[in-house]
Amino acid sequence: MHELSISAAVVDTAVKHAAGRRVTVVSVRLGRLRQVIPESLAFYFELVARGTVCEGARLGQELVPARLRCTACAHEFEIEQPAFRCDACGGLEVDVVSGEELEVESIEVEEDAACIA
């Protein structure tokens, strides 16, 4: 259910940067380790966007794979499930390279009709 609060933060960010212009697309990057369900995020985004400049906007989602680096052998590998053991040497000391992202990458807004000449 944390997708509701994430959606609210995404809409708030887009509204702030849109400066009153209608938002048509909001693009976000979501790391696999964030355990966000894309369908739930899209559902709540639509719900939270109602009555704001984001109403009717499309939510683009880029899912970033979980990628780790073993501190013992420097091997980098992707994981699908939270199993933080190096698949090369079996080491348990790993650093997260990617997969923790949760960011608004960009927003697209409608052009102000008064500015179009």
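The first residue of the sequence shown is numbered 1, and numbering continues consecutively from there.
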Heavy-atom nearest pair, Pro65 first then Arg32, reads CA-CG, 3.8 Å
| message | Hydrophobic clustering (ILVMFWY, side-chain heavy atoms < 4.5 Å, transitive) - are Val25 and Tyr44 grouped together? | response | no
Smallest heavy-atom separation, Phe45 atom then Ala57 atom, equals CE2-O, 3.6 Å
Residues 75-84 vs salt bridge (Lys or Arg N to Asp or Glu O under 4.0 Å), sequence neighbours excluded, gives Arg67-Glu76, Arg67-Glu78, Arg69-Glu76
Interatomic distance, OG@Ser106 vs NE2@His17, rounded to 0.5 Å, equals 11.5 Å
Is there a chain of hydrophobic side chains (I, L, V, M, F, W, Y, each step under 4.5 Å between heavy atoms) that links Phe43 to Val11? yes
Value for NE2 (His2) from CG (Leu102), rounded to nearest 0.5 Å, stands at 8.0 Å
Residues pairing under salt bridge (Lys or Arg N to Asp or Glu O under 4.0 Å) where one sits in residues 87-100, two or more places apart or in two chains, turn out to be none
Grouping ILVMFWY residues whenever side-chain heavy atoms fall under 4.5 Å, the cluster of Leu68 otherwise contains Leu33, Phe77, Ile79, Phe84, Val94, Val96
Besides Leu92, the hydrophobic cluster formed by Ile, Leu, Val, Met, Phe, Trp and Tyr side chains linked at under 4.5 Å, directly or via other members, contains none
Between Cys73 and Cys70 the two heavy atoms that sit nearest each other are N-SG, 3.5 Å
Residues pairing under side-chain hydrogen bond (donor to acceptor under 3.5 Å, both in side chains) where one sits in residues 46-64, two or more places apart or in two chains, turn out to be Arg29-Glu62
Result for side-chain contact (heavy atoms from CB on, under 4.5 Å) between Glu108 and one of Thr24, Val26, Val23 points to Thr24
- prompt: Hey, are the side chains of Ile107 and Ser27 touching, using non-hydrogen atoms and a 4.5 Å cut-off?
  reply: no
Any heavy-atom pair between the side chains of Leu63 and Pro38 that's under 4.5 Å? yes
Are Leu47 and Leu30 in one and the same hydrophobic cluster, where Ile, Leu, Val, Met, Phe, Trp and Tyr link if side-chain heavy atoms are under 4.5 Å apart?
yes
| query | Is the closest side-chain heavy-atom distance between Val36 and Glu3 below 4.5 Å? | reply | yes
Here the pair of heavy atoms bringing Gly90 nearest to Arg85 is O-NH1, 3.2 Å
### Query
Same cluster for Val64 and Ile6 if Ile/Leu/Val/Met/Phe/Trp/Tyr side chains link at under 4.5 Å?
no
Residues passing the salt bridge (charged side-chain N to carboxylate O under 4.0 Å, His left out) test with Arg22, sequence neighbours excluded, are Glu110
Looking only at heavy atoms, the pair that brings Val53 and Gly20 closest together is CG1-O, 3.9 Å
